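Please read the structure below before turning to the comments.
Source: prediction; values computed, not measured. To find a chain, count down the sequence lines: A is the first, B the second, and so on, and within it residues start at 1.
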There are 2 protein chains.
Amino acid sequence: MAAKAQRTPRRTDALSKERIIEAATEILDTDGENALTLRVLTTRLNTGYGAIYHHVANKSDVLAAATDEVIARVMTGVVIDAPPREALRAVALGLFDAIDAHPWVGAQLSREPWRPALLEIYESIGRLLDALHVPERALFDAAGALVNYVLGVAGQNAANARALAHGEADRSVFLATAAAHWSQLDPDKYPFVHKAATQLREHDDREQFLAGVDIFLAGIATLR
Amino acid sequence: MAAKAQRTPRRTDALSKERIIEAATEILDTDGENALTLRVLTTRLNTGYGAIYHHVANKSDVLAAATDEVIARVMTGVVIDAPPREALRAVALGLFDAIDAHPWVGAQLSREPWRPALLEIYESIGRLLDALHVPERALFDAAGALVNYVLGVAGQNAANARALAHGEADRSVFLATAAAHWSQLDPDKYPFVHKAATQLREHDDREQFLAGVDIFLAGIATLR
DNA sequence: GACTCGTTGGATCGTCGCTCCAATACGCTA
DNA sequence: TAGCGTATTGGAGCGACGATCCAACGAGTC
């Protein structure tokens, strides 16, 4: 083998923000949120810090851009020519599934809500609520409520994924442990939580999320 | 003054987890989330890392304990002998105000939901929903939905506070900037957000939060 | 063929959370 | 009262992080 030149030659496969975000997304998806460091990113891309920072402002920028990408893909992929109510459920489920598949998106949405991803979500939900004939004066509040509910669930998903990432075997074990903990609480001090332990163990996140959406939609229907 | 001994003598004002959490809370409240570092904490308490780590497992532990304290104070302080519906609104508002005053609590609740604080919240909300005669099979979903909504708002509050902490003058300027940005969007691509810009500028977070709670409660009422 | 300038890679910086351990004095026992 | 065990203390130091800075490179332009 020829001796390596004093400096590695200029790469031919041009670096770009897209390529950086793509690599970041892969790392985030396979190894979780805190596995994404600039060092890992440089290794993965066979480059150095300078090259990356030339295309990208900082680490938050990478995370935000990756989030925007995921969300944009969801929002364009959802069928919106269904009846508004069904479309709303579809949008919500689409978001849930995307965040379930990429839990780091959930954390990011709460962390920097002013970036484009949330705008897309607001727009889509607001427009559908309008189609549902929610009165104009209530539209803003209703959209805010629904978006915040989605964000709350998103954050929880991200937290659970983080907990599962290190230790904690798998999800059913995790839930069983939590449920056992709940059911051991003093029924006099914690009657509700104690009773809910069973449902905690058996519940399906996705179905519960949808049940919440339905509750909100029912509440919104009373506004008309 | 006597020359300082080679090592500072054992302190007389005993260090304790309570004192550490108290100092941490002060730092968090006055200087924001990322101002809380162990170095700052040691300076504030006139001690070293070892002393702190003797009383506390790690930094998350400090944050979690501080959060538990704030939430516990809220949950015990709220009047619960009002009609359930009013009590629920009071609990929600109490949480909102606490998180508004201590935004870092909002971030922490999303970050580590399995610690005691959220348990307290679940219990209180679940019990009140039960008093509202929500059917047992729907209780778990309803409580989850309401809690997740609160968590979503809490996360947003935390994010806003973080944004305001550095730069960004004050809240009205921040909102005006965001609203201006929204209203400059293409009305054809973003009809809802474009229209909502005015309300974004003028809205009151607290009132909007309560409007969301009411929507949720109205939805819950349909479950009976 | 010379020059330019958008890219590139990595040495380096300051800060972080945390570990580790020698030193210390409180409170118990005799 | 003297001695001892142990809970507590402070801080040097470690490894990892995000970010900055700059010398070197080569694809395009004329």
Side-chain angles (χ1 to χ4, degrees), chain A residues 2-24 27-28 31-66 104 107-108 111-112 162 165-167, chain B residues 2-24 27-28 31-66 104 107-108 111-112 162 165-167:
Chain A
K4 201 170 178 184
Q6 196 173 354
R7 275 184 78 86
T8 55
R10 165 174 285 217
R11 59 190 311 135
T12 52
D13 52 337
L15 202 55
S16 68
K17 186 159 183 176
E18 284 70 35
R19 273 179 46 78
I20 293 173
I21 289 164
E22 188 188 328
I27 295 170
L28 287 164
D31 299 328
E33 223 163 322
N34 8 16
L36 180 66
T37 69
L38 284 172
R39 279 159 235 272
V40 174
L41 209 47
T42 56
T43 308
R44 178 79 149 235
L45 290 167
N46 289 315
T47 181
Y49 303 105
I52 289 183
Y53 273 90
H54 178 76
H55 293 279
V56 143
N58 50 40
K59 193 186 166 181
S60 309
D61 192 19
V62 176
L63 254 164
W104 48 273
Q108 174 60 22
R111 207 177 295 127
E112 307 198 350
R162 232 176 298 128
H166 35 95
Chain B
K4 204 172 180 182
Q6 195 174 352
R7 274 185 78 87
T8 54
R10 169 176 282 217
R11 57 191 312 138
T12 53
D13 54 336
L15 202 54
S16 67
K17 188 158 180 176
E18 285 70 35
R19 274 179 46 77
I20 293 173
I21 288 164
E22 187 188 328
I27 295 170
L28 287 164
D31 300 328
E33 224 163 321
N34 12 17
L36 180 67
T37 69
L38 282 174
R39 280 158 234 273
V40 174
L41 208 47
T42 56
T43 307
R44 179 80 148 235
L45 290 168
N46 288 314
T47 181
Y49 303 106
I52 289 184
Y53 273 90
H54 179 76
H55 294 278
V56 143
N58 50 40
K59 193 185 167 181
S60 308
D61 191 18
V62 177
L63 255 163
W104 47 275
Q108 174 61 20
R111 207 175 295 128
E112 308 198 350
R162 232 176 298 126
H166 36 96

B/Thr47 side chain vs B/Thr43 backbone, donor-acceptor pair below 3.5 Å: no

Flag, side chain of B/Lys59 to backbone of B/Leu36, donor-acceptor distance under 3.5 Å: yes

Side-chain ion pair, B/Glu33 and B/Arg111, N-O less than 4.0 Å: yes

What is the distance from [atom1] of [X] to [atom2] of [N], rounded to the nearest Å?
X	N	atom1	atom2	answer
A/Leu45	C/dT8	CG	P	11 Å
A/Tyr49	D/dA24	OH	P	21 Å
B/Leu41	D/dG10	CG	P	12 Å
B/Leu38	D/dG11	CG	P	15 Å
A/Asn46	C/dT8	CG	P	13 Å
A/Asn58	D/dT20	CG	P	8 Å
B/Leu63	C/dC18	CG	C1'	16 Å
B/Asn34	C/dG17	CG	P	10 Å

Any A/His54 side-chain nitrogen or oxygen under 4.0 Å from OP1 or OP2 of C/dT8: no

Short side-chain N/O contact from A/His55 to OP1 or OP2 of C/dG6, under 4.0 Å: no

Residue met sooner reading DNA chain D from 5', once A/Thr37 and A/Gly50 are mapped to nucleotides: A/Thr37

Residue closer to the 5' end of DNA chain C, B/Val40 versus A/Gly48 (nearest nucleotide): A/Gly48

Selected nucleotide, minimal atom distance to A/Tyr53 side chain, candidates D/dG10, C/dC16, D/dT20: D/dT20

Residue pair B/Trp104, B/Arg162: steps toward the side chain to side chain contact (heavy atoms under 4.5 Å, CB included) verdict: CA-CA 9 Å; B/Trp104 47 275; B/Arg162 232 176 298 126; over 6 Å; no

